[in-house]
Number of protein chains: 2
Amino acid sequence: MNSDNVNIITGNSKILRGIHRAMILNIIREMQPISRSNIAKLTGLNKSTVSSIVSEILNEDLIFEQESADQNVGRNPINLFLKLNKYHVGAINIDSSITRYAVADIDGSIKGEAIIDTDSKNPEKFVEICIIELLKLCNKLNLDGLKGLGVNIAGIVDSKNLIVNFAPNLGWEDFNIGEAIRKVLPNIKNISVGNDAKSSALAELWFGNHKIDLSNFVFLSIGPGIGSGIVVENKLMNGEYQASGEFGHMIIFEGGDLCTCGNKGCWEAYASDRAIVSQYLTKKSDKLEHNVDFMAQDIIDMAKKKDELSIEVLKQTGFYLGLGIANIIKAIDPHAIIIGGKITQVWDIIYPEILTVVTQRAYFGRKIIIKILPTSLNVLPSLLGAATLAIEEIFDGFKIIS
Amino acid sequence: MNSDNVNIITGNSKILRGIHRAMILNIIREMQPISRSNIAKLTGLNKSTVSSIVSEILNEDLIFEQESADQNVGRNPINLFLKLNKYHVGAINIDSSITRYAVADIDGSIKGEAIIDTDSKNPEKFVEICIIELLKLCNKLNLDGLKGLGVNIAGIVDSKNLIVNFAPNLGWEDFNIGEAIRKVLPNIKNISVGNDAKSSALAELWFGNHKIDLSNFVFLSIGPGIGSGIVVENKLMNGEYQASGEFGHMIIFEGGDLCTCGNKGCWEAYASDRAIVSQYLTKKSDKLEHNVDFMAQDIIDMAKKKDELSIEVLKQTGFYLGLGIANIIKAIDPHAIIIGGKITQVWDIIYPEILTVVTQRAYFGRKIIIKILPTSLNVLPSLLGAATLAIEEIFDGFKIIS
DNA sequence: TGATTGGTTTGTTTGGGCAACCAACAAATT
DNA sequence: AATTTGTTGGTTGCCCAAACAAACCAATCA
C-alpha cells in the first residue's frame, strides 16, 4: 500500500466520472460509429449516465453526432463519431541516426511527416531544432496550435519526470528533456516522453488493426538492437526504474557472442538487425564497417530476390528470435507477441522458423499456441507511438491526481 | 477495451466504498496501531469518511478500538487494531512429495500446522483427505468454522475457475479442484486456489517483514525446480493463461544441460535444488538415484560445516542464480527480488556470487542496485501463501463484480 | 394509397440513494 | 488557551431506476 496508489483514488470523487468519460471516449474511438444506447449496453452504465457523459464530451468538441437510418425497428440511433481535423498532436521519434517527426490527428492518422538527421551532440539544441521543424510542418499543413506533443527516444526514459535517464546510442544521460521542450514550447498543454519500443506497443494497442484481443501482449521492436513494450491488462508495464522489457540484453547463450553492452550471449547479439549484418558478413568473410540500417535492408532485399545466403542468415535469425520469444512467453505469458522492424518484410521467411522453435521450447504444459504476428501498423510504429503518447493524454485527459 | 474490464467499474457504485474499505483495512493491518485521524491523513480521505467506514468495519468485528495515551498535545487518538482469534482460514500446500496444511489467523500467524505425504494418484480423494485432516486440526485447536480456505499447488492453476491446468509433478491435468473442495466443504464461503510460487509472493507482500517497498518485486521460489511470482503495482501478475513467471524454463544456455521439461539449457537445469544435487553427484562421480529434497538439504548442511565441495557447488549455483536473476531484472525491472527456498540457509555463501554476476550483467545504464534478499518469512512461504490467498478474500471481501 | 395503431428502440427527464466532502463542534489533553 | 481527535449535520455530485418523449417499422384497415 504505497501512497501513490492511495492518491489515485482519493482527492475528489470526480474520478469515477473521469474513468467513465475515458471509457466512453475509448469505446467511441474504437467502435465508431456507435450509439449512446449501445455504449450503455457495452459498459453496463445506465443510459442516462451515458447520455450525460456523452453530452459533456460533445461540448468538448471531441466527438460529433450524425443521424443514421438503420434497418431495425424502433427509433434510429444517433451515431457518434470522433471529430477529426480539429485537434492535432505533434510526434517526434529520435533514433540514433535519423529523427522523424509528424503531425497526427486524434485517430492516429498522420497528417504530415518528415525526416532530419539526428545530431545528438547538443541535446537541448537538437530538441529545439526538432520542434522548430515540427512547427514549420504545422504551418505548411495550415494547422493552428498543437494540443499535445509526444517524443520517443531509444533509451530508458522517465516518463513521469520527462527525463532521459540513459540513451547509449545518443550518448544522452540524465537529460531533462521536458525542460528543454518547455523552453521552446512554454504554452503547450501536454508533453509526453517515452521509450520507442514501449510507445510502439501503445500505438499497436490504440491503433492496431488486429482482430485479436490485445489486453495482454508484448511488442518487440527489432532494429539494430531489440526493444520491447509489455502490455498487461491494457496498461503499459513501465518497471520500477522505467527499464522493463529490456529483453535485448537477456542472456540466452551464456559465454556466447559479444554484445554492444559488453556482455556475452545477449539475445540482441543473435537476433537483431546488427546480428543479421554481422552474420552475413562473417559468412561472406567480409570485415569492413557497414551502416547497420542500410546493410540490413540490403540483406532483406536480397532475400526477397531469393539470394540463398541472405535467406540462410534470416532463417538463422528467425531461429534465434524464436528462442528469445520462447523466453518471453515463459516470463510474461502474454496473449500475443507483435513484432515490428525491417524483418517483418520477410515474415514468410522468418515466421516458420520462429514458430518451430517456440512450439518446441515454450509449450511444456501449454495447450494454446500464443499468437506471433507482425505489426498491423502501416506507419513506423515508434513514430505513431510518439503521437499515441500525446493522444493518450487527450483521451484520459482528466488528471487522476488532482 | 474488453468487457471484463468494463464490468469491474460498473454495476453499482458501492465500488468506491469497497475500495476505500479495503484500503483502510489494509492500512490498519499493516500499520496498527493507528488512529482514524492518521488513516485520513494517509489516504487523503476526509475524516468523516474514514470514521464512517471504520465504524462499519467495527461492526463486522474485524477490528477493535483501544484507548491510548500518546505524548502529544491534544486529544489522544483511539487506536485501531485487527481483531485476532476471531476469524481463521485454512491453508493447504500440496507439493510433489509432502503436503502441509495449517490454520492461520487473519494477521497471517499460524495457529497450527501439520504434514502428510502427498498421494496424487486420485486427486479428488487426496483433496478430501487433506480437508478432513485440516478439520481435525481445527477441532484440536478448538476453533469453530473456517472463514476461508486457500490451496496451493506446484503447477499452473486457473485461480478464477479453480482448476489445476497442469501440475507435472503431481500428474494432474485439467483437474477441477474447486468442485472437489466444494464437495467436502459445501458451506465454506471463500475458496481460493493458486500456484505455490505466486502465492509465496503474495505472502511476502502481505506479511513480509522487509523495510523496503514491495509494490514491484519478484519472488523466486528455489526448490527442485524454480517458480516465481511477479508483483507489479501491488498486484500479482497472472498471465493470460495463468502461466506467467515460468522463469525456471527460461533458456540461458542454448544447447546446454538437459532439463526435466525435455529442453536443454533451461535456468532450472543450472540453479535449482535438483541442479545442486546433480552437480554435486557429478563431481563426486556418483551416479545413484537420490531424493532431491533430502540430498539438497544434506549438501547445504555440509556447506554449513565448511565442506569444500559443497561450498563450491553452492557457489556455482549462486553464479547461475545470478545469471537468471539478471535476466529477470532486465525483463521486469522490479524494485526487489526476494528469494525463498532451502538455499537461503546459506545466503552468505550464495549472495556474493549472485551479486557479482548481477552487477556485471544487469547494470548497463542502471544506477540503482536492485535489492536481492532472502525471504523475510519465518514460515514456509508457500504454506503462508495458501493462507494469504484466503485472507486476501476476507480483506477485499466485497465482490467487485456484483 | 394513405391513415391508424401497436410494438420497438433510442434518448431524455426526474426523483432518489449513496458516498464523500466541508464546516462547525464536542471531547480530551498539554 | 492551544491543539488534536473524532462526530454531526448539511451539501454536493455521481449514478441509477423508472417514467416519458421521440422516432421508426410493420401490420392493418379504409
Side-chain angles (χ1 to χ4, degrees), chain A residues 6-24 27-28 31 33-59 63-81 398 400 402, chain B residues 6-24 27-28 33-59 63-80 398 400 402:
Chain A
V6 172
N7 281 331
I8 287 176
I9 299 300
T10 320
N12 61 61
S13 94
K14 279 176 199 158
I15 296 161
L16 209 53
R17 186 73 162 191
I19 292 173
H20 289 160
R21 194 198 89 108
M23 270 174 57
I24 290 177
I27 286 178
I28 295 174
M31 314 185 63
I34 190 167
S35 68
R36 290 166 173 79
S37 171
N38 221 336
I39 293 173
K41 275 175 204 152
L42 278 172
T43 57
L45 289 167
N46 192 280
K47 283 194 296 172
S48 58
T49 308
V50 172
S51 271
S52 150
I53 293 173
V54 163
S55 84
E56 260 180 44
I57 307 177
L58 276 167
N59 279 336
I63 56 173
F64 68 96
E65 295 180 315
Q66 193 172 64
E67 296 285 325
S68 79
D70 70 355
Q71 306 306 68
N72 299 324
V73 290
R75 175 176 171 179
N76 283 355
I78 303 171
N79 279 332
L80 300 169
F81 297 83
F398 72 101
I400 283 185
S402 59
Chain B
V6 171
N7 281 332
I8 288 175
I9 299 300
T10 320
N12 60 60
S13 92
K14 278 175 202 160
I15 297 160
L16 209 54
R17 186 71 162 192
I19 291 173
H20 289 161
R21 194 197 88 110
M23 270 174 54
I24 291 177
I27 286 177
I28 295 173
I34 190 167
S35 68
R36 291 165 173 81
S37 172
N38 221 336
I39 293 173
K41 275 175 204 151
L42 278 172
T43 58
L45 289 166
N46 192 278
K47 284 193 297 172
S48 56
T49 307
V50 173
S51 271
S52 154
I53 293 174
V54 163
S55 84
E56 259 181 45
I57 306 176
L58 276 168
N59 279 336
I63 56 175
F64 68 95
E65 294 179 316
Q66 193 172 64
E67 297 284 327
S68 80
D70 70 356
Q71 306 305 70
N72 298 324
V73 289
R75 173 177 170 181
N76 282 355
I78 303 171
N79 280 331
L80 301 170
F398 71 101
I400 282 185
S402 61

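Here is the naming used below: chain letters follow the sequence lines, and residue numbers restart at 1 for every chain.
Residue Ser51(B) places its side chain closer to dT7(D) than to any other of dT29(C), dT7(D), dA20(C). Between dC15(D), dG6(D), dT29(C), one nucleotide has an atom nearer to the side chain of His20(A) than all others, and that is dC15(D).
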Give each protein N/O atom lying under 3.5 Å from an N/O atom of nucleotides 22-24 of chain C, with the pair distance.
unit_1: dC22(C); atom_1: N4; unit_2: Ser48(B); atom_2: OG; d: 2.9

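When the side-chain nitrogen and oxygen atoms of Arg36(B) are compared with OP1 and OP2 of dT7(D), one or more of them lie within a distance under 4.0 Å. Contact check, Ser52(A) against dT12(C): no side-chain N or O comes under 4.0 Å of OP1 or OP2. Phosphate proximity of dC15(D) to Arg17(A): present, with a side-chain N or O under 4.0 Å from OP1 or OP2.
Distance, Lys41(A) NZ to dT9(C) C1': 8 Å, rounded to whole Å. Rounded to whole Å, the distance from CD on Gln66(B) to C1' on dG6(D) is 18 Å. One can place CG of Asn79(A) at 15 Å from C1' of dA23(D), the figure rounded to the nearest angstrom. Atoms CG (Asn76(B)) and P (dA26(C)) sit 20 Å apart, rounded to a whole Å. Ile34(B) has its CD1 atom 17 Å from the P atom of dT4(D), to the nearest Å. Rounded to an integer number of Å, the gap from CG of Leu80(B) to C1' of dG6(D) is 11 Å. Note: CG (Asn38(B)) to P (dT4(D)) measures 13 Å, nearest angstrom. Spacing between atom CD1 of Ile78(B) and atom C1' of dA26(C) amounts to 13 Å, rounded to whole angstrom units.
We find the CD1-CD1 distance between Ile34(B) and Ile24(B) to be 10.0 Å, quoted to the nearest 0.5 Å. The structure places CD1 of Ile28(B) at 5.0 Å from CD1 of Ile57(B), a figure rounded to the nearest 0.5 Å. To the nearest 0.5 Å, atom CG of residue Asn38(B) and atom OG1 of residue Thr43(B) are 10.0 Å apart.
Side-chain contact between Asn79(B) and Glu65(B): absent, with no pair of heavy atoms (C-beta onward) separated by less than 4.5 Å. Taking 4.5 Å as the limit, every side-chain heavy atom of Ile39(A) sits out of range of all side-chain heavy atoms of Leu45(A).
In this model, no donor atom of one side chain and acceptor atom of the other lie less than 3.5 Å apart for Arg36(A) and Ser55(A).
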Report the C-alpha separation of His20(A) and Arg17(A) in whole Å, then their side-chain angles, then the decisive distance to 0.1 Å, and conclude whether the side-chain contact (heavy atoms from CB on, under 4.5 Å) test is met.
-> CA-CA 5 Å; His20(A) 289 160; Arg17(A) 186 73 162 191; 5.7 Å; no
